[in-house]
2 protein chains.
Amino acid sequence: MAIQVNHSITIEDVARAAGVSRAAVSKVIRDAYGVSDEMKTKVEAAIDELGYRPRVSARAMRGATYTLGIEIPTIKNPFFTKIISGAASALEGTRYQLIIAPMGPHHDRGPQAIQVLADRQVDGILAVSTAVDPEWLEDLARHTPIVMLGRHDDSQHYDTLVNDDVEGARMAVRHLYDLGHRDIVHLTIDPVWEKHLPTGPHALRARSYRQTMAELGLADKARVVFLKSEEDGAREVALGILREPVRPTAFFAGHDELALGVLTAVADLGLTPSDVSVVGYDDTEIAAHPLVSLTSINQSGTRMGEITVRLLLERIAGRTEPVHEVITPKLMTRTSTAPPHEGRGRKPQAPRLLTPQPK
Amino acid sequence: MAIQVNHSITIEDVARAAGVSRAAVSKVIRDAYGVSDEMKTKVEAAIDELGYRPRVSARAMRGATYTLGIEIPTIKNPFFTKIISGAASALEGTRYQLIIAPMGPHHDRGPQAIQVLADRQVDGILAVSTAVDPEWLEDLARHTPIVMLGRHDDSQHYDTLVNDDVEGARMAVRHLYDLGHRDIVHLTIDPVWEKHLPTGPHALRARSYRQTMAELGLADKARVVFLKSEEDGAREVALGILREPVRPTAFFAGHDELALGVLTAVADLGLTPSDVSVVGYDDTEIAAHPLVSLTSINQSGTRMGEITVRLLLERIAGRTEPVHEVITPKLMTRTSTAPPHEGRGRKPQAPRLLTPQPK
DNA sequence: TCGCCTTCGTAGATCGCTCTACACACCTTC
DNA sequence: GAAGGTGTGTAGAGCGATCTACGAAGGCGA
């Protein structure tokens, strides 16, 4: 047990203390071939006594960093932190460590966060960003194992893991339809976030929403509303829509954070789920809270994190053929959705001005 | 504009392409003294053309990593992610990057996460962990700039930044008292989390709670309930307490996540804020949501992140005397607190068995 | 006893960068 | 014109690990 923890202790010091060569110490800490039990004991004792820790940077010069990097679009969305938790627990017991590169306030800055990880020569990258140039990514993937989450393109060089966004969106719309809703608005993020990538999760959900509406004979009622930016709240946008003369009876939100904003607007106006039902996506922790009780589509971030780590470790172990996994989402029915009133879409008592609505 | 992004491009390649020495290139990228405009242009062109990125690991061998590391007890608590956001935006425009070391599932594993950062030779560490051996910390701080958040001990080697937990807890209790509550329970985390450190934030809040209760002449009513572990839900514990023959009329929870658990229990039993009021701590995003509307103590995680980064950059720039900053918390009154009913603490209609309660 | 194989340990090059020390050219200034 | 700046660039050591190549010692069969 580290009696002294001085951070300028090097492998050299350990070697001297144990009376062996640097190479011998290196062998012991790497668990490499050609070490007698006697030497192993001796060296390990010296390591403990000196409180020696190998420098990751020095290791990186020749060998591995034993580090996996994870990149997420924003740390504020609890769904992403679930992925991190899943990944972290999957690494438990391995010699690998996780580091997270947060995107700064300017999420649009392209590959910045992944670059940070690449610069640190992590042994593998787990990324959720869809806003990354595919070519750049392919190139990076040639040198570093990468698993992209939520990217529905089948790369040759990196693995992907997605939930079935098409199916998830269908579930959401059908659920509302089955309850009796017909005027269902889809609220989603600014496409800039996904760099207008047609295979991004939100783009797919929006497309599936439209298609499902059409299948249900509601093509003319389909309406997709985009947020202009993350900060521009879902609440305000929803308020605008809810104040229109004929308001929709249901919202399908692109993710739970948006759904929470809609719920706020609904609460602001004193409306109930029978007036306006709301479905989210991701099934984050807070959705299950009785005070919120948001119907949502679960895509198990935790499991995604675990699977991703497994894929990365396989790659590091030598796999070269790409793997593309899909997991099936699940509808979690809660009290934010309910059958609509008979007189749905009723006009407000007094005529009022149209509030400006985002396009 | 990186035409080609091959990740085995080194400074040597750039030097060759630009027709200068490695040292010259190094000077340009470090913005060091002794570079003519002409050479700077030439080298920068070569860097762009080759898509060169300096390896952080190689840099770390001699110079700096331009990386700050942040360690948090758990990524699931949104208060901590606020700190991260604050820190990230404070680093905007500097050459420093942030990496996060998440604690694995076993949070009790002592200094593990900070160690991960130290192993990577970050230039500065921002840590929230109270569960770290002070000696070990002092020793690490001798070599690396460190700012500890929420640690009320005045170290010689590292800086600290805390909110005034004593004042915050007092505000919470007084607020409930002013509304008319007398039976106020304090629900807090397992002290193991803070390694029973008497200067940890939760220990201080608990002590301040007791003291404030005493000041208000309620010493005999003071009751502190500890959670056994994080997973062992606040909801169950609160349910147990609320089912006692004479139930308290108010809870002061150690942090918002606990408060949410209590609110769940309150909702489970169909009680209102007039039956049981709840105050949290941290004022996380969700507390402000109208459906939750949790009265809480705000300690501005964002600002804490910003201040911490400033302190670290000062240290890196050469400051050696320790700084210990305190920020003042603020009460955010919402609808989870209300004056109690007249017949407060009334017995349930039928006598029932005491449910087991955690100690 | 010799030669060969196996096991254990070491020497030393190497990774990509930083940074000190120094060389060189050109300008002043006396 | 010599001495002393000043401004620009290069050479080369060094950071702390890893890892290949090789040497030494011991075991074993012929």
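All values below come from the heavy atoms of this structure, side chains included, with hydrogens, waters and symmetry mates left out. All chains are named by letter (A, B, ...) in the order of the sequence lines, taking the proteins before the strands, and each is independently numbered beginning at 1. Here the structure is a predicted model, which is why all the values come from computation and not from measurement.
Note that CZ of A/Arg120 is 10.0 Å distant from CD of A/Gln115, once rounded to the nearest 0.5 Å. In this structure, CG in A/Leu161 is found 14.0 Å from CZ in A/Arg151, a value given to the nearest 0.5 Å. Note that the OG1 atom of B/Thr81 and the NZ atom of A/Lys76 stand 7.5 Å from one another [nearest 0.5 Å]. Note that CD1 of B/Ile307 and OG1 of B/Thr302 are 11.0 Å apart. Values are rounded to the nearest 0.5 Å. Summarising the geometry, atom CG belonging to B/Leu68 is positioned 7.0 Å from atom OH belonging to B/Tyr96; distances are rounded to the nearest 0.5 Å.
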Apply the test side-chain contact (heavy atoms from CB on, under 4.5 Å) to residues B/Thr65 and B/Asp123: give CA-CA distance (whole Å), side-chain angles for both, the deciding distance (0.1 Å), then the verdict.
CA-CA 6 Å; B/Thr65 53; B/Asp123 295 339; 3.1 Å; yes
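Residue order along DNA chain C, read from the 5' end via each residue's closest nucleotide, puts A/Ser36 first among B/Arg62 and A/Ser36. Residue order along DNA chain C, read from the 5' end via each residue's closest nucleotide, puts A/Val35 first among A/Val35 and B/Tyr66.
Minimum interatomic distance between A/Arg55 and A/Ile9 (heavy atoms only, all atoms of both residues): NH1-O, 3.3 Å. Counting all heavy atoms, side chain and backbone alike, A/Ile11 lies closest to A/Tyr52 at N-CE1, 3.5 Å. Of all heavy-atom pairs spanning B/Gln156 and B/Glu138, the tightest one is N-OE2, 3.8 Å.
Partners of A/Thr144 according to the side chain to side chain contact (heavy atoms under 4.5 Å, CB included) rule, which considers only residues two or more places apart in sequence or in another chain, are A/Ile125, A/Leu140.
For the contact set between residues 22-33 of chain A and DNA chain C, defined by any heavy atom under 4.0 Å, the members are A/Arg22, A/Ala23, A/Ala24, A/Lys27, A/Tyr33.
The overall bend of the helix from C/dT1-D/dA30 to C/dC30-D/dG1, read as the angle between its terminal helix axes built from five base pairs each, is 50° when rounded to 10 degrees.
Residue pairs meeting the side-chain hydrogen bond (donor to acceptor under 3.5 Å, both in side chains) criterion with at least one partner in residues 305-314 of chain B, sequence neighbours excluded, are B/Arg310-B/Glu314, B/Arg310-B/Glu325, B/Glu314-B/Arg319.
Here the options are B/Ile84, B/Leu126, B/Ile83, the test is side-chain contact (heavy atoms from CB on, under 4.5 Å), and the partner is B/Ile72; only B/Ile84 passes.
Counting 5' to 3', DNA chain D first comes under 4.0 angstrom of a heavy atom of chain A and last does so at the ends given by D/dG16 to D/dC19. In 5' to 3' order, the nucleotides of DNA chain C bounding all contacts with chain A (an atom under 4.0 Å from a heavy atom) are C/dT7 to C/dG16.
Nucleic acid contact class of A/Val20 (heavy atoms, under 4.0 Å, all strands): sugar-phosphate only.
Taking 4.0 Å as the cut-off between side-chain N and carboxylate O, A/Asp13 and A/Arg16 count as a salt-bridged pair.
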